[in-house]
Each structure stands twice: as structure tokens, then as C-alpha cells.
There are 2 protein chains.
Amino acid sequence: MDKTKTTRNTAAKTAVLEILTQSKIALSHTEIQKQTNDLCDRVTIYRILDRLVNDDIIHKIVNLDGTVKYAKCHHHAQRVHIHNHAHFSCEKCLEITCLENVKPSYIIPHNYKVNEINFTLSGLCPNCLNSNN
Amino acid sequence: MDKTKTTRNTAAKTAVLEILTQSKIALSHTEIQKQTNDLCDRVTIYRILDRLVNDDIIHKIVNLDGTVKYAKCHHHAQRVHIHNHAHFSCEKCLEITCLENVKPSYIIPHNYKVNEINFTLSGLCPNCLNSNN
DNA sequence: ACTTTAATGCAACATTGTTGCAAGTTAAAT
DNA sequence: ATTTAACTTGCAACAATGTTGCATTAAAGT
């Protein structure tokens, strides 16, 4: 909420961001925690993720099943970063990926003011679609 | 998952369904529980909701903030019920409503198989947009 | 009425996320 | 290089949400 505070670079923050940068898929808090190898407390990771989301460096994805994941955005064309792209959630391997080029078009009654959209598709990803078992 | 089991009508199930039928907005497990007035256990409501979702009588909505809500569908044109309509989540009053007529169009790479979509818009609903405070 | 099996209540547990506060660190100012 | 303000962390405690096992109850068909 408060965008006035300056945020600092710490070892834990750098580690979390590095993990997200390296990952091709979105990661949950727990998955990130496992990869940090007890570098810092569980709570600290929650707070780091909050900060990174607030600073528009990563974005938060809520899946159809309620799972919350985080992903770093690989495009930074605009100054102001709007996360209006789609996410794909594979029902088999459970991985969530950003479909940065897929953007929905829609018509909504004029008496609604839209600030944010969330568009998640679920089904089978290319990998699981090929390995048919 | 197992669609072969038959489901039974019980007092608790009827009550939960009635609450959802009466409501114009989507309700969370907790909100439903409050309205039941301790008719049944908390766990029972979870199980009833699972059953109703499985039987395609209600649908589950996961909001941007991770909140899970349930809503009864008011259209039943098709035999097979696909929940591809949009949901609107008001940032002010926190109410979630189904926008049954709003359906997104999109283009997705052919190597993905889409089974389900979730399209949630958030911002200000007509009510909160008018009362500008 | 009887039988089968789905549904329920209860207790216990698991997961996920939040908060307060003292102590530690960062980055800027001196 | 020191100092300093305030951001960050660890820890403990808590809260909310959802799940599981099992004995008991009740629905629906016969």
C-alpha cells in the first residue's frame, strides 16, 4: 500500500529474486523457501515477496485451486507495469507459466470500473500434452 | 472426481443450497456457515460445498486476494455446464458477483489444451462507483 | 421394515499467512 | 570513517482455512 518507503537490498531479498529469475515457472512461498536452504526465516520470505510485489518486480498469481504463486516478469516495456497477461495452470504437472502474449479482450458494462484483471487458463501444458499418459 | 456416487439430499445440503440461491453475490465458507446458524458442523459445510461443486450445481471462485467463494449459477442452458463467464470483485465492498454475460475472447498457442478458464476483474462495482467516498 | 452406503459430528491435524517486538543491517548524511 | 534513521529480520505466538479418520446417523431403494 505505502509506496513512499524505500526498500533495501538484503541477502535474503537478492536470493529470493534470484530464485524467481532463474525459474521458468511460477513458484509458491513454500517452493521458494525450500530453494533458499534456510537462509532466512519463513516470515521473512513472506515479507520479501510482499515487497517485491509492491515494487512491481514480481507478480502474484492465484490459481483456480487457490494456490498462490509468484513469478518475475520478463517484459518491462512500459514504465507502469500492468499484469494483464494470462497464466496457464497445468492440471497434470501443476506448473504455472505466464503466457505473456495472451491477453483477453472483453466487453463489460460501463458502470463497472476495472482496475485489475486476472485471467487464468487451466488444462494441459505442451509437455504433458505430448507425453500422453 | 468420482462421478459415479449418488448424492443424497439432507437438511444441511438443502440449507446451504438455499442460502446460495437467495444470495445475489458469491459467498465464502465462513459467510455460509454464519447464515446456517449452527445447523451443522463446519466440516460438513466444506463437504457439502465440495459435493455441490462436483455435481455442477454451484461453482467455486478464487479471488485475486486468494479468497475462495461459491455461487449458484442462474443459467442452465447447456447440459454440460461450463463456467467460462467472468467474475467481478469489488475492491471496496469486497463483494464478488458473476458477470454471466461477460466472456473473454483470446488466442492461445495450439499446443495448449484448455479445459477451464478463470476470468476475474477487480475494481469498483456500480454501487461503490456511485457512492464516491 | 430392511439394507446399503452416503452424510455427519467430532477431534485432531496440516497448511498458509499475519502480527508485535526486540535486535540487527542498510544506506545515506555528516 | 562514523553516525544515524529507519528498513529488515528472527522469533514466538496467533489466526484462518482446509483436511482426515472414524464411529454414528440417516437417506433412498428394495
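Order of the sequence lines fixes the chain letters, A, B, ..., with proteins taken first and strands second; residue numbering starts at 1 for each chain.
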Salt bridge (Lys or Arg N to Asp or Glu O under 4.0 Å) partners of residues 118-127 of chain B, not counting sequence neighbours, each pair once
none
Partner set under side-chain hydrogen bond (donor to acceptor under 3.5 Å, both in side chains) for B/Thr30, not counting sequence neighbours
none
Please list, in numerical order, the residues of residues 40-48 of chain A that have a heavy atom closer than 4.0 Å to any atom of DNA chain C.
A/Arg42, A/Val43, A/Tyr46, A/Arg47
Taking only residues at least two apart or on different chains, which pairs with a member in residues 7-18 of chain B satisfy side-chain hydrogen bond (donor to acceptor under 3.5 Å, both in side chains)?
B/Thr7-B/Lys13, B/Thr7-B/Asp55, B/Asn9-B/Lys13, B/Glu18-B/Gln22
Listed partners of B/Phe119 passing ring pair (Phe, Tyr, Trp, His ring centres under 6.0 Å), at least two apart:
A/Tyr106, A/Phe119
Rounded to whole Å, CG of A/Asn54 lies from C1' of D/dC7 at a distance of 14 Å
For B/Thr120, the side-chain hydrogen bond (donor to acceptor under 3.5 Å, both in side chains) test, sequence neighbours excluded, returns B/Asn118
Listing, residues 33-48 of chain A side-chain donor-acceptor contacts under 3.5 Å, not counting sequence neighbours, or none:
| from | atom 1 | to | atom 2 | distance (Å) |
| --- | --- | --- | --- | --- |
| A/Thr36 | OG1 | A/Gln33 | O | 2.6 |
| A/Asp41 | OD2 | A/Val43 | N | 3.0 |

Expected rows: protein N/O vs nucleotides 23-27 of chain D N/O, under 3.5 Å:
| from | atom 1 | to | atom 2 | distance (Å) |
| --- | --- | --- | --- | --- |
| D/dA27 | N3 | B/Arg8 | NH1 | 3.1 |

How would you list, by chain and number, every residue that makes a ring pair (Phe, Tyr, Trp, His ring centres under 6.0 Å) with B/Tyr112, sequence neighbours excluded?
A/Phe88
Angle between the end axes of the helix from C/dA1-D/dT30 to C/dT30-D/dA1, five pairs per end, to the nearest 10 degrees?
40°
What's A/Leu49 touching, base or sugar-phosphate or nothing? Going by heavy atoms closer than 4.0 Å.
nothing
Which residues pass the side-chain hydrogen bond (donor to acceptor under 3.5 Å, both in side chains) test with B/Thr67, not counting sequence neighbours?
B/Asp65
Where does the chain A footprint on DNA chain C start and end, counting 5' to 3' with a 4.0 Å heavy-atom cut-off?
C/dT16 to C/dA27
